[in-house]
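In what follows, a single structure is set out as structure tokens and then discussed.
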Amino acid sequence: MDYSKMKIPHHVGIIVDGNGRWAEEHGKKRSYGHKIGSENLEKISHYILKKTGIKVLSVYVFSTENFKRSKEEVDYLMDLFTKKFKRYAKRYQKENIKVIFSGRRNPLDEEVLKTMDEITEMTKNNTGGILNFCLNYGGHSEIVDATLKVFKDLRENKIIEDDVNEELFGHYLYQDLPPIDFLIRTSGEYRISNFMLWQSSYAEFYFPKTYFPDFNEEEFDKAILEYTTRDRRFGGIDYEKKNS
Ligand code: IPE
Ligand code: IPE
Ligand code: MG
């Protein structure tokens, strides 16, 4: 699809969901769904950041609540993240993509933290798109952690109470990113499950039935076509348009 003349979102969020059900429907273990899902994530993030003009992509790959899953599944996912980040550091570097992470470090293990730090460091000066992995991420935790940082700066007199407003608070979040314009959750679930609560306040939502491993370029194009039909008002009214 030719994106050059389209009204495209600046920041897209994807809640990567349905890997387990996809695997079950194919008669495989959940882990196989995560493996194919992770391969799809590589393809679709490349397409989004390199072929469409979209500048920022946040992908929800592990929530703070996902630690409630079996040890076997959590270990598999952590190992998968470690392998992927190790393997793809060079690729993102070559593609000029800046990789960043949102989430709590605790209780992630050393191995995965090390690969996260390496890829962050290696790609930190890249300017051709931002890929934000939300890993051990929770929207509630993010707001609590930002609040604690604000308290600390107040205590240390780096800011005063009068400075604290929505704009300033936004800078204390895990990453200083623009708001989410378009939020996609695959697999037909209609909820945000603690994803970027602050940043999604005026996001447009899109809930395709497709499980994430099948969410390909064509599906993404369909999503963007839907986005172009949305009338974003941000609480205001376009009186001129209404009267014409
Ligand atoms: C999304 O797929 C990946 C993660 C949450 C890590 P799920 O594992 O949630 O797949 P379903 O929802 O059980 O199908
Ligand atoms: C949300 O998916 C978290 C990620 C996609 C990483 P879940 O599958 O964990 O969410 P629920 O439990 O269905 O709400
Ligand atoms: Mg799920």
Side-chain angles (χ1 to χ4, degrees), residues 11-45 48 56-85 87-88 99-109 111-113 115-116 119 131-145 173-175 177 180 182-200 203 205-216 219-220 223:
H11 184 178
V12 170
I14 303 183
I15 303 176
V16 166
D17 199 17
N19 290 349
R21 277 164 287 164
W22 181 90
E24 278 153 31
E25 285 187 11
H26 286 76
K28 308 269 191 198
K29 283 171 56 174
R30 295 181 58 83
S31 55
Y32 184 69
H34 293 314
K35 179 175 178 283
I36 303 299
S38 73
E39 285 166 13
N40 189 46
L41 187 57
E42 280 158 35
K43 280 190 234 150
I44 203 70
S45 53
I48 294 171
V56 187
L57 174 64
S58 289
V59 287
Y60 199 15
V61 295
F62 196 89
S63 70
T64 45
E65 291 75 33
N66 286 147
F67 275 109
K68 290 180 195 161
R69 296 190 181 191
S70 71
K71 184 173 177 332
E72 187 193 356
E73 183 163 353
V74 171
D75 286 352
Y76 181 87
L77 283 165
M78 292 303 152
D79 190 51
L80 188 65
F81 295 142
T82 310
K83 283 196 184 118
K84 290 287 165 189
F85 298 146
R87 227 177 82 206
Y88 280 91
V99 178
I100 56 177
F101 291 89
S102 293
R104 279 192 180 154
R105 291 175 74 84
N106 194 19
L108 295 176
D109 66 36
E111 186 76 7
V112 68
L113 286 170
T115 55
M116 285 162 60
I119 199 165
L131 179 55
N132 176 33
F133 282 98
C134 297
L135 201 168
N136 192 25
Y137 174 87
H140 283 174
S141 317
E142 177 167 40
I143 293 168
V144 169
D145 290 351
L173 298 169
Y174 292 132
Q175 298 290 349
L177 293 173
I180 295 205
F182 191 38
L183 175 54
I184 301 169
R185 179 178 187 143
T186 56
S187 90
E189 303 291 359
Y190 306 119
R191 52 178 175 265
I192 57 173
S193 302
N194 208 8
F195 180 64
M196 297 198 122
L197 302 177
W198 180 277
Q199 298 87 338
S200 299
F205 289 79
Y206 181 73
F207 298 107
K209 293 243 174 307
T210 323
Y211 294 140
F212 186 73
D214 291 329
F215 190 75
N216 55 20
E219 291 278 330
F220 186 77

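Whatever order the structure lists them in is the order used to number ligands and atoms, beginning at 1. As a basis for the values below, the full set of heavy atoms in this structure was taken, side chains included, without hydrogen atoms, waters or symmetry mates.
- Taking distance alone, with nitrogen or oxygen atoms compared against 3.5 Å, Tyr60 stays at or beyond that limit from ligand 2.
- Applying side chain to side chain contact (heavy atoms under 4.5 Å, CB included) to Ile36 and the options Phe212, Tyr211, Trp22 leaves one that passes, Trp22.
- With a 4.5 Å cut-off on side-chain heavy atoms, Lys84 and Ile119 do not count as touching.
- Nearest protein neighbour of atom 14 (O) of ligand 2, counting heavy atoms only, is Ser193 OG, 2.6 Å.
- Ligand 1 lies nowhere less than 4.0 angstrom from a heavy atom belonging to Ser187.
- By the 6.0 Å contact criterion, CD on Glu72 is open, its count of non-hydrogen atoms from other residues, nucleotides or ligands being 12 or less.
- Ring geometry, Tyr206 versus Phe182: the interplanar angle falls from 30° to 60°, so the pair is classed tilted.
- Of all the atoms in ligand 1, the ones that sit under 4.0 Å from a non-hydrogen atom of His34 are 3 (C), 8 (O).
- Using a 4.0 Å cut-off between heavy atoms, Arg30 contacts ligand 1 through its side chain alone, with no backbone atom that close.
- Protein heavy atom closest to atom 6 (C) of ligand 1, with residue, atom name and distance, is Val61 O, 3.2 Å.
- Across all non-hydrogen atoms, the minimal contact from Ser102 to Asn132 is OG-OD1, 2.9 Å.
- Annotation: Ser63 places no N or O atom under 3.5 Å from an N or O atom of ligand 2; distance criterion only.
- Within ligand 1, the atoms closer than 4.0 Å to a non-hydrogen atom of Asn66 are 5 (C), numbered from 1 in the order shown.
- Heavy-atom contacts from other residues, nucleotides or ligands closer than 6.0 Å to NE2 of His26 number more than 12.
- Taking both residues in full, the closest heavy atoms of Phe81 and Val112 are given as CB-CG2, 4.0 Å, listed atom of the first, atom of the second, then distance.
- When each atom of ligand 1 is checked for a heavy atom of Arg21 under 4.0 Å away, the hits are 11 (P), 12 (O), 14 (O).
- Side-chain atoms of Thr64 and Arg104 form no donor-acceptor pair, as typed in the model, at a separation below 3.5 Å.
- When the heavy-atom distances from atom 10 (O) of ligand 2 to Arg191, Arg185, Glu189, Glu65 are ranked, the shortest goes to Arg185.
- Counting heavy atoms closer than 4.0 Å to ligand 2, residue Phe62 contributes backbone atoms (N, CA, C, O) but none from C-beta onward.
- Distance remark: protein heavy atom not present below 4.0 angstrom from atom 12 (O) of ligand 2.
- In this structure, Arg185 contributes its side chain and Ile14 its backbone to no donor-acceptor pair below 3.5 Å.
- The N, O or S atom of Asp17 lying closest to the Mg ion (ligand 3) is OD1.
- When each atom of ligand 1 is checked for a heavy atom of Arg69 under 4.0 Å away, the hits are 5 (C), 7 (P), 8 (O), 9 (O).
- In this structure, a donor-acceptor pair under 3.5 Å is present between the side chains of His34 and Glu73.
- Looking only at protein heavy atoms, the nearest one to atom 1 (C) of ligand 1 is Val16 O, 2.9 Å.
- Nearest-heavy-atom check against atom 2 (O) of ligand 1 across Asn19, Ile15, Thr186, Leu77 picks out Asn19.
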